[in-house]
Amino acid sequence: RIITKPPLYPKTEECAVSDEVTQARRFTLAQLLVVLIALAVIIAIAIPVYRTRALRTRREEATQALRRIQAAQERYLIQYNRYASRLTSNAPLGLGLSESTPQAHYRLRLDVDDPVRPARFTARALASDPASAQADPNCHSFSLDQNGIRDARDASGADRTALCWR
């Protein structure tokens, strides 16, 4: 014969209801797996979308900087009857613009046909460091000339204009 000790506190009706509520609040392993799988799917979708958006933002940074240079060159041409030969020097020697994009992902450069009296220019944006080049291997460099002709190249020099100038 097995003798069991009586419980210290006898179960009341209120206590029995409390046990049922506690069991109803617990998650089963299947429910937890469903939540984890749903979370994994959401993350699998979100990461590529975020990366694509980040690349587009970097590319827009470069193209907007080149458009600013082109607009500044047009204003300079109207005022001085020639294009500026320098990017960072203040007028009348140059445009007075920065050598890099606002987030410093690209270095900016201004190439001219004649340093004394330029008739043509090409503004360039080049990946500023290896980390920037690796972040976007398809759009390593951008260029824009006085006629509005756009160009973009990857790290190997292949033309990527259609992809990068969206």
Side-chain angles (χ1 to χ4, degrees), residues 27-166:
F27 291 108
T28 65
L29 183 58
Q31 290 171 324
L32 184 60
L33 285 175
V34 167
V35 169
L36 289 176
I37 289 171
L39 189 60
V41 168
I42 290 170
I43 290 172
I45 293 170
I47 289 175
V49 168
Y50 172 77
R51 180 166 162 58
T52 300
R53 184 64 192 137
L55 288 177
R56 282 189 185 159
T57 301
R58 281 180 178 236
R59 293 170 186 170
E60 286 175 18
E61 178 184 359
T63 58
Q64 286 175 0
L66 294 178
R67 287 184 182 122
R68 279 193 300 275
I69 292 172
Q70 184 185 34
Q73 282 285 44
E74 293 303 320
R75 289 189 301 271
Y76 192 95
L77 178 65
I78 290 169
Q79 187 170 2
Y80 297 102
N81 200 28
R82 65 180 175 89
Y83 289 115
S85 59
R86 297 183 186 153
L87 185 63
T88 58
S89 302
N90 289 326
L93 300 175
L95 299 174
L97 298 174
S98 174
E99 288 182 325
S100 65
T101 57
Q103 298 298 317
H105 293 133
Y106 293 91
R107 288 184 330 271
L108 301 174
R109 190 175 84 201
L110 185 61
D111 297 335
V112 295
D113 63 339
D114 178 10
V116 177
R117 192 150 181 83
R120 290 187 298 277
F121 74 89
T122 302
R124 300 186 191 282
L126 307 167
S128 61
D129 58 19
S132 291
Q134 282 182 333
D136 190 1
N138 290 322
C139 301
H140 181 71
S141 67
F142 295 80
S143 66
L144 180 65
D145 71 6
Q146 75 282 348
N147 295 321
I149 296 174
R150 305 169 178 177
D151 187 51
R153 303 284 168 167
D154 64 13
S156 67
D159 185 15
R160 302 287 186 192
T161 305
L163 173 69
C164 299
W165 278 90
R166 286 188 180 179

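- To the nearest 0.5 Å, atom CZ of residue Arg58 and atom NE2 of residue His105 are 3.5 Å apart.
- Thr161 contributes a side-chain N or O that, together with a main-chain N or O of Ala152, makes up a donor-acceptor pair within less than 3.5 Å.
- Proximity of Arg56 to Arg166: side-chain heavy atoms (C-beta onward) are separated by under 4.5 Å at one or more points.
- Atom CZ of Arg67 has more than 12 neighbouring heavy atoms from other residues, nucleotides or ligands inside a 6.0 Å radius.
- Here the side chains of Asp159 and Arg153 are in contact, with some heavy-atom distance below 4.5 Å.
- Taken to the nearest 0.5 Å, the CG atom of Leu66 stands 10.0 Å off from the CG atom of Leu110.
- Counting heavy atoms from C-beta on, the side chains of Leu95 and Arg86 never come closer than 4.5 Å.
- Once rounded to the nearest 0.5 Å, the distance linking OG of Ser85 with CG of Leu93 reads 7.5 Å.
- Taking the charged nitrogens against the carboxylate oxygens, Arg160 and Asp154 do have a contact shorter than 4.0 Å, which makes a salt bridge.
- Atom CD of Glu74 is surrounded by more than 12 heavy atoms from other residues, nucleotides or ligands within 6.0 Å.
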Go through it in stages, so that I can follow the logic: the residues are Tyr76 and Tyr83, the test is ring-ring contact (aromatic ring centres under 6.0 Å, His included), and I'd like the CA-CA distance, side-chain angles, deciding distance and then a yes or no. CA-CA 6 Å; Tyr76 192 95; Tyr83 289 115; 8.4 Å; no
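- Contact detail for Ala62 and Ala125: the closest heavy-atom pair is CB-CB, 4.1 Å.
- Panel note: side chain Asp113, backbone Arg120; a donor-acceptor pair is recorded below 3.5 Å.
- Here the shortest heavy-atom pairing between Leu97 and Ala72 reads CD1-CB, 4.0 Å.
- Taking 4.0 Å as the cut-off between side-chain N and carboxylate O, Arg124 and Asp111 count as a salt-bridged pair.
- For the pair His140/Leu126, no side-chain contact is recorded, criterion being any heavy-atom separation below 4.5 Å from C-beta on.
- Between Arg68 and Pro102 the shortest heavy-atom distance is NH2-CD, 3.8 Å.
- At distances below 3.5 Å, at least one donor-acceptor pair connects side-chain atoms of Trp165 with backbone N or O atoms of Asp151.
- When atom types are taken as modelled, the side chain of Ser128 and the backbone of Ala104 share a donor-acceptor pair closer than 3.5 angstrom.
- Between Glu61 and Thr101, some side-chain heavy-atom pair lies under the 4.5 Å cut-off.
- When side chains are defined from C-beta on, Phe121 does not count as touching Asp145, because their heavy atoms never get closer than 4.5 Å.
- The line from CG of Leu32 to CD1 of Ile37 is 10.0 Å long, rounded to the nearest 0.5 Å.
- The minimum heavy-atom distance between Cys139 and Tyr106, with the atom names listed, is O-OH, 3.3 Å.
- Going from atom CG of Leu144 over to atom CD1 of Ile149 covers 9.5 Å, rounded to the nearest 0.5 Å.
- For the atom pair CD of Glu60 and SG of Cys164, the computed distance is 12.5 Å after rounding to the nearest 0.5 Å.
- In this structure, Asp136 and Arg59 have side chains that are in contact, with non-hydrogen atoms separated by less than 4.5 Å.
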